[in-house]
Amino acid sequence: MPKEARPGTGEQAKQHAMERLRQAILRGEMAPAQRLVENELAEQFEVTRASIRAALIDLASEGLVERIRNRGSRVRVVSVEEAVAITECRMVLEGLCAAKAAVQAGEEQLTELADLGTAMSKAVADGEPLTYSDLNHQLHARIREFSGQQVAVELLERLNAQLVRHRFQLALRPGRAQRSLGEHLAVIEAIRARDPQAAEAAVRAHLTSVIDALSEAPASSP
């Protein structure tokens, strides 16, 4: 490609490549353990190989990419055991955010949470697990945002990125949406009641259920 067609060199090109790679991994377009060949990616994203290498190093620090000595890079595989450990960490941070949101959220924000709960209930009733999963993601993101706890938000964004494939698999598991709906509605109710202790407890109960579901995954595999 002509140099002028590229998004730039140095930091600009690295950031472009890193964002494209991150989104491809998070959307499942690049599967766990898939090799990430620098030359191919450089051509695909129209940046230099050095920019790709720098992007892969940064994505490795985020836990999305694994760099193997003398073998290059691949999309990192997150085991069920590690997914459980990450979710245990989420439990503390998400609980903190829910407690903070119960105190900090404004009335319009509380209404938005209620509307999300209504939409989630409709998605379950209509048998739309992917819609429900998307709304679930929005709900957790809004609670984090409304908490005003920016340090926790940044830590959770990094942790959640590593769970994207497990989250997608759970979303499609029969009966999972129906089970988690009540847990999410309990979180919303506690935040709207401005009860930080109840909000934190509801989040912990929900994520304990997620851990149980993750732990059941190997046994439920064909």
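Any value given below was found using the heavy atoms of this structure, including those in side chains, with hydrogens, waters and symmetry copies removed.
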* **With sequence neighbours excluded, residues passing side chain to side chain donor-acceptor pair (under 3.5 Å) with Gln138** => Asp134
* For Arg194, side chain to side chain donor-acceptor pair (under 3.5 Å) partners two or more places apart -> Glu107
What I'd like to find out is whether the side chain of [X] reaches to under 4.5 Å of the side chain of [Y], using heavy atoms alone.
| X | Y | result |
| --- | --- | --- |
| Leu135 | Thr131 | yes |
| Arg176 | Val210 | yes |
| Gln15 | Glu19 | no |
| Arg76 | Gln162 | yes |
| Arg204 | Glu94 | no |
| Leu113 | Phe146 | yes |

* Crowded around Arg49 CZ? As in, over 12 foreign heavy atoms under 6.0 Å? -> yes
* To do: With sequence neighbours excluded, tell me which residues meet salt bridge (Lys or Arg N to Asp or Glu O under 4.0 Å) with Glu108.
  => none
* To do: Please list all pairs passing the salt bridge (charged side-chain N to carboxylate O under 4.0 Å, His left out) test where one or both residues lie in residues 145-160, with sequence neighbours left out.
  => Arg142-Glu145
* Asked: Tell me, which pairs form a side chain to side chain donor-acceptor pair (under 3.5 Å) where one or both residues lie in residues 180-193, sequence neighbours left out?
  -> Tyr132-Ser180, Tyr132-His184, Asn136-His184, His140-His184, Glu183-His206, Glu183-Ser209, His184-His206
* **Connected hydrophobic set around Val151, excluding itself, where side chains approach under 4.5 Å** => Val78, Ile86, Leu93, Leu155, Leu156, Leu159, Leu163
